[in-house]
Amino acid sequence: MSAFHADTGFELGMAVIVPESDMTIESDELLRWYAQARRDLPWRKPEVTPWQILVSEFMLQQTPVSRVEPIWLAWIERWPTPSATAAAGSAEVLRAWGKLGYPRRAKRLHECAVVISSHHDDVVPADVETLLTLPGIGAYTARAVACFAYSARVPVVDTNVRRVVARAVHGRADSPASVRDLDDVAALLPDDATAPVFSAALMELGATVCTARNPRCGICPLSVCRWRTAGFPAGTEVKRVQKYAGTDRQVRGKLMDVLRASSSPVTRAQLDVAWLTDTAQRDRALDSLLVDGLVEQTTDGRFALAGEGEIP
DNA sequence: AAGGCGTGGTG
DNA sequence: TCACCAAGCCT
């Protein structure tokens with residue numbers, strides 16, 4: 001057992017009998033920890049609707065909880081349902097999104113609202129298959145909505161879950177994205193109705209204890225962690241984080257900032273001052289915003305947030 | 001399938 | 001300081 005291979009569970013071609021507790025994450029200890037350590041996030045309150053949970057999931061795609069909270073609170077008060085969101089128009093939605101980042105998410109959220117209000121009787125679909133057909137909803141968000149809004153027993157795999165499972169179950173510092181993730185987590189899921197809380201707890205553990213940098217192993221509730229057992233081996237080289245300063249993304253952000261601030265269409269000159277250093281780059285950024293459908297040009301040649309001219 | 005897509009907090 | 005990172009999705 002001392003030379004046991006952490007990855008495969010096999011040694012020299014001989015099957016090693018692994019205690020069940022080594023291959024799983026103890027649901028009891030995880031749930032007990034979650035019950036006392038869970039953050040009191042507003043979208044976790046019982047009266048929150050599936051649509052409002054969906055909104056939180058859109059906002060949380062690559063944006064930290066602390067920045068999402070205030071925007072989400074104001075958002076659901078203003079637009080509590082898909083139909084209310086759809087009726088608001090995409091320009092107002094893009095404006096309310098503010099500086100959460102990746103405004104394509106806001107556009108897709110509005111598109112979701114339109115589809116759900118017009119084709120699904122204003123009710124968020126409950127099954128993963130249908131959710132996956134909606135704009136901006138991918139593998140994670142579809143399962144998160146099915147699980148957290150409808151208590152479906154489906155694996156929910158985000159970056160936190162991936163990391164926790166990679167460490168506790170596989171003994172690796174992190175996990176390269178892989179299709180095995182879904183099967184891995186499905187195998188860990190409790191058989192009973194606690195599956196959704198189990199998933200929430202797994203995510204919470206990754207977000208607050210088993211973090212990417214400086215994991216707080218001293219307060220981890222898991223009694224079995226193969227990463228710890230293996231002596232915390234380092235992960236493989238991570239791919240470089242994308243640059244931001246000076247990129248087209250930053251220029252797009254500047255242009256969107258100008259558009260958001262104006263309730264009426266702006267002139268080309270007003271956009272030009274948002275990025276003086278490289279006019280070619282500025283043109284490219286504006287063009288890409290038009291291609292993405294985030295910005296529209298009015299008949300008189302000015303620019304506005306997409307949908308600004310529409311009748312609400 | 002690798003890379004584009006915002007923004008701001010943090011160690 | 002500045003690289004890293006934060007409940008991904010899409011092409």
Side-chain angles (χ1 to χ4, degrees), chain A residues 38-39 41-44 48 52-72 94 97-109 111-112 131-149 154-165 173-174 176-179 181-182 185 196 199-208 210-216 235 237-260 274-275 281 284-285 287-289 291-295:
Chain A
R38 73 194 287 271
R39 291 167 295 175
L41 303 176
W43 43 85
R44 286 178 174 168
V48 173
Q52 294 162 356
I53 289 174
L54 187 156
V55 171
S56 77
E57 295 299 346
F58 263 81
M59 293 181 174
L60 288 163
Q61 292 169 1
Q62 298 285 278
T63 302
V65 164
S66 60
R67 290 175 52 208
V68 165
E69 249 189 89
I71 305 288
W72 183 85
L94 285 166
W97 191 260
K99 309 202 77 168
L100 282 184
Y102 294 141
R104 299 206 282 212
R105 290 181 293 160
K107 183 181 193 302
R108 289 169 183 153
L109 177 57
E111 289 167 1
C112 256
L131 285 163
L132 283 171
T133 68
L134 298 174
I137 296 191
Y140 163 73
T141 305
R143 289 176 177 79
V145 170
C147 175
F148 301 136
V154 294
V156 180
V157 185
D158 74 332
T159 184
N160 292 307
V161 171
R162 202 145 28 224
R163 184 174 54 249
V164 171
V165 171
D174 210 331
S178 139
V179 288
D181 290 340
L182 271 183
V185 178
S199 285
L202 221 43
M203 288 176 61
E204 189 78 346
L205 188 68
T208 62
C210 193
T211 50
R213 283 179 302 178
N214 308 117
R216 308 162 68 195
E237 286 311 309
V238 199
K239 69 178 174 186
R240 295 281 300 168
V241 173
Q242 292 178 341
K243 292 284 183 219
Y244 177 61
T247 62
D248 288 6
R249 262 162 51 201
Q250 186 184 20
V251 184
R252 284 165 56 105
K254 296 286 189 195
L255 298 177
M256 286 298 286
D257 212 17
V258 172
L259 267 355
R260 260 186 252 115
W275 193 258
Q281 185 180 35
R284 183 166 6 108
D287 188 59
S288 74
L289 288 172
V291 169
D292 283 354
L294 293 168
V295 177

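Letters go in sequence order (proteins before strands), and every chain restarts at 1. Only heavy atoms go into these numbers, but all of them, side chains included; no hydrogens, no water, no symmetry mates.
Nucleotides C:dA7 and B:dA1, compared at atom P, are 25 Å apart to the nearest Å. Going from the P atom of C:dC9 to that of B:dG8 covers 23 Å, rounded to whole Å. Taking atom P on both nucleotides, C:dC4 is separated from B:dG3 by 15 Å, rounded to a whole Å.
Per the geometry, CD belonging to A:Glu69 stands 14 Å off P belonging to C:dA7, to the nearest Å. Distance, A:Lys107 NZ to B:dG4 C1': 17 Å, rounded to whole Å. The distance from atom CG of A:Leu41 to atom C1' of C:dA6 is 14 Å, rounded to the nearest whole Å.
Distances shown here put a side-chain N or O of A:Lys243 below 4.0 Å from the OP1 or OP2 atom of C:dA3. The shortest distance between the side-chain N/O atoms of A:Thr141 and the OP1/OP2 oxygens of C:dC9 is below 4.0 Å.
Side-chain atoms of A:Gln242 stay outside donor-acceptor range of the base of B:dG3, with no qualifying N/O pair under 3.5 Å.
Remark: A:Thr63 pairs with A:Arg67, A:Val68, A:Leu100, A:Arg105 by the side chain to side chain contact (heavy atoms under 4.5 Å, CB included) rule, at least two apart or across chains.
The backbone N or O of A:Gly138 lies less than 3.5 Å from no partner atom in the side chain of A:Arg143, so there is not a single donor-acceptor pair. With hydrogens and angles disregarded, no donor-acceptor distance shorter than 3.5 Å links the side chain of A:Gln281 to the backbone of A:Val251. Under a 3.5 Å cut-off, the side chain of A:Ser288 and the backbone N or O of A:Ala285 do form a donor-acceptor pair.
Looking at heavy-atom distances under 4.0 Å, A:Trp43 makes contact with a base. When heavy atoms are screened at a 4.0 angstrom cut-off, A:Ser56 is found touching no nucleic acid atom at all. A:Ala212 comes within 4.0 angstrom of the backbone, heavy atoms only, and of no base. Among the atoms of the strands shown, none is found under 4.0 Å from any heavy atom of A:Leu132. At a threshold of 4.0 angstrom between heavy atoms, the contacts of A:Arg39 include nucleobase atoms, whether or not backbone atoms are also involved.
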### Task
Report the C-alpha distance between A:Arg284 and A:Asp248 in whole Å, list the side-chain angles of each, state the deciding distance to 0.1 Å, and finish with yes or no for salt bridge (charged side-chain N to carboxylate O under 4.0 Å, His left out).
CA-CA 8 Å; A:Arg284 183 166 6 108; A:Asp248 288 6; 2.6 Å; yes
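A donor-acceptor pair shorter than 3.5 Å cannot be found between the side chains of A:Gln61 and A:Tyr140.
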Write down the protein N/O and nucleotide N/O pairs, taken from nucleotides 6-10 of chain B, whose separation is under 3.5 Å; answer none if there are no such pairs.
residue: B:dG6; atom: OP1; partner: A:Pro103; partner atom: N; Å: 3.3
residue: B:dG6; atom: OP2; partner: A:Arg252; partner atom: NE; Å: 2.2
residue: B:dG6; atom: OP2; partner: A:Arg252; partner atom: NH2; Å: 3.2
residue: B:dG6; atom: O4'; partner: A:Tyr102; partner atom: N; Å: 2.8
residue: B:dG6; atom: N7; partner: A:Tyr102; partner atom: OH; Å: 3.2
residue: B:dG6; atom: N7; partner: A:Arg249; partner atom: NH2; Å: 3.0
residue: B:dG6; atom: O6; partner: A:Tyr102; partner atom: OH; Å: 3.1
residue: B:dG6; atom: N1; partner: A:Gln62; partner atom: O; Å: 3.2
residue: B:dG6; atom: N2; partner: A:Gln62; partner atom: O; Å: 3.3
residue: B:dG6; atom: N2; partner: A:Thr63; partner atom: OG1; Å: 2.7
residue: B:dG6; atom: N2; partner: A:Leu100; partner atom: O; Å: 2.9
residue: B:dT7; atom: OP1; partner: A:Arg260; partner atom: NH2; Å: 3.3
residue: B:dT7; atom: OP2; partner: A:Tyr244; partner atom: OH; Å: 3.1
residue: B:dT7; atom: O2; partner: A:Arg67; partner atom: NH1; Å: 2.6

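When the nearest nucleotides of DNA chain C are assigned to A:Glu204 and A:Arg108 by heavy-atom distance, the more 5′-ward of the two goes with A:Glu204.
With rounding to the nearest 0.5 Å, the separation of CZ in A:Arg252 from CG in A:Asp257 is 14.0 Å.
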